[in-house]
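Read through the structure below, which is laid out as structure tokens, and then see the notes.
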Amino acid sequence: MPDALDRSRRIVFTGAAGGIGTMIRPLLATDYPGLVLSDRVRPKDLRPEETFVGADLARSEEVANALKGAHSVLHFGGHSAEGAWDAILQANIIGCYNLFEAARQAGVKRIIFASSNHAVGFYPRKKRIGTDITVRPDSRYGVSKVFGEALGALYSDKHGIDVTCLRIGNVGPRPLDVRRLSIWISPEDLAQLIRIGLEHPKIRFEILYGASDNAASWWDNSRAQKLGYRPTGKAEKFRAHAEAEQAKIGPDPVGDLFQGGTFCSAEFTNDAKRAGP
Ligand code: 15L
């Protein structure tokens with residue numbers, strides 16, 4: 001990967017005011033000082049070298065305006081949890097389509113798409129999975145992430161945009177519970193994956209797991225390793241904290257069987273044995 005970064009590129013970060021955006025921007029600031037931030041609301045902590053362009057993803061003209069002149073897009077915007085169909089439809093289906101289409105029209109070269117572990121949440125925890133598997137979304141939200149990955153493949157194959165989809169586990173300073181011991185990613189490791197997505201010369205279309213170096217991982221992330229990913233976060237360091245938090249939550253007979261946890265047990269009307277493990 002190039003050591004000297006081209007700082008003249010216009011890089012647009014959607015969802016910049018959200019949880020991940022707020023954690024990640026300071027970590028990108030050295031390599032990518034002049035990010036163009038986009039969201040429905042202006043981030044409170046705008047740095048002097050950052051600019052803000054407001055946009056509602058569901059409004060194509062606003063998305064097109066935000067992406068004018070962009071070289072790359074970090075697409076972290078949208079609805080970030082399970083929700084009513086209309087909320088998912090507007091932000092993650094229509095919004096994601098608007099994003100890719102505006103990117104094509106603006107001549108964008110690279111997109112990093114924040115996908116989610118919930119695209120594959122109905123895989124049993126007992127199974128180790130790579131990225132060459134059938135998707136098994138666990139929610140309307142998970143389906144919308146699969147849709148975004150599919151758009152990524154289409155716009156890469158048909159329009160030559162280099163797309164990296166990051167199936168993110170859970171980002172934060174430490175894993176929140178036992179499930180997150182398997183899927184946690186530190187903000188620093190996520191910033192590393194974003195840098196790979198922006199810079200690696202071999203990228204055309206990739207799906208990578210957004211996870212740190214977790215001993216209890218359910219995912220084979222060897223493709224990310226091949227592209228140079230060297231995670232430094234280790235969830236095991238926080239096991240005592242995660243187990244203490246888990247004890248407060250108590251068992252979830254369905255969610256505890258599957259990788260997606262409560263996203264699987266919510267609204268569940270199936271027989272758990274028929275669904276998987
Ligand atoms: C996600 O995709 C969500 O955006 C986040 O809020 C968490 O729920 C995370 O997955 C998770 O699975 O922990």
Side-chain angles (χ1 to χ4, degrees), residues 13-25 39-40 57 74-84 87-93 95-96 99 112-125 127 129 131 135-150 152 164-187 189-191 193-194 207-212 214 216-219 221 233 235 238-239 241-243 245-246 248-249 252 254-268 276:
F13 194 145
T14 73
I20 296 185
T22 307
M23 271 187 276
I24 289 297
R25 277 168 38 228
D39 209 312
R40 284 188 299 188
L57 289 167
L74 312 179
H75 182 40
F76 283 71
H79 195 86
S80 64
E82 180 60 316
I88 299 287
L89 174 67
Q90 296 303 326
N92 293 10
I93 303 286
C96 199
L99 188 287
I112 320 298
F113 169 59
S115 183
S116 166
N117 71 92
H118 297 290
V120 291
F122 260 120
Y123 275 97
R125 294 188 185 189
K127 194 169 165 69
I129 55 171
T131 50
V135 291
R136 289 180 80 173
D138 57 22
S139 48
R140 292 175 288 280
Y141 168 69
V143 169
S144 76
K145 292 300 180 180
V146 170
F147 177 75
E149 291 181 359
T164 303
C165 301
L166 300 177
R167 271 186 199 158
I168 299 172
N170 189 250
V171 196
R174 58 187 176 171
L176 297 170
D177 53 24
V178 166
R179 174 176 162 264
R180 268 62 169 252
L181 288 170
S182 300
I183 67 164
W184 174 70
I185 182 165
S186 71
D189 286 343
L190 181 56
L193 284 172
I194 290 172
I207 297 176
L208 310 175
Y209 283 104
S212 282
N214 303 330
S217 177
W218 300 314
W219 305 327
N221 214 9
F238 305 99
R239 179 167 283 279
H241 165 78
E243 285 180 350
E245 290 302 306
Q246 188 67 43
K248 294 181 201 162
I249 303 165
D252 174 349
V254 171
D256 292 348
L257 298 172
F258 300 103
Q259 299 188 3
T262 55
F263 282 62
C264 299
S265 50
E267 304 172 41
F268 189 81

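In listed order, ligands and their atoms are each counted from 1.
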Option among H79, R40, Q90, H75 that satisfies the side chain to side chain contact (heavy atoms under 4.5 Å, CB included) test with L57 | H75

Side chain E245, main chain D177, donor-acceptor under 3.5 Å | no

For ligand 1, does L176 get within less than 4.0 Å through its side chain, its backbone, both, or neither, judged by non-hydrogen atoms?
-> neither

Does ligand 1 have an atom that lies less than 4.0 angstrom from a heavy atom of G169?
-> yes

Steps toward side-chain contact (heavy atoms from CB on, under 4.5 Å) verdict (Q259, N117) | CA-CA 8 Å; Q259 299 188 3; N117 71 92; 5.8 Å; no

Quick one: look up the protein heavy atom nearest atom 11 (C) of ligand 1 and list residue, atom name and how far away it is.
-> H118 NE2, 3.5 Å

Can you tell me which residue and heavy atom of the protein come closest to atom 3 (C) of ligand 1, and the distance to 0.1 Å?
-> S80 O, 3.2 Å

Starting at CD1 of I88, measure out to CZ of F147 and round the result to the nearest 0.5 Å.
-> 12.5 Å

Relative to each other, are the rings of Y209 and W219 parallel, tilted or perpendicular (30° and 60° limits)?
-> parallel

Who's the nearest protein heavy-atom neighbour of atom 7 (C) of ligand 1, and how far?
-> N170 ND2, 3.4 Å

A student checking ligand 1 against F263 at a 4.0 Å heavy-atom cut-off should list atoms 8 (O)

Proximal atoms of ligand 1 relative to S116 (non-hydrogen, under 4.0 Å) | 1 (C), 2 (O)

Hey, are E267 and R140 close enough for a salt bridge, meaning a charged N less than 4.0 Å from a carboxylate O?
-> yes

Which atoms of ligand 1 are found less than 4.0 Å from any heavy atom of N117?
-> 10 (O), 11 (C), 12 (O)

Nearest candidate to atom 13 (O) of ligand 1, where distance is taken over non-hydrogen atoms, out of K145, R167, R180 = R180

Enter the distance from F263:CZ to S116:OG here, rounded to the nearest 0.5 Å.
-> 6.5 Å

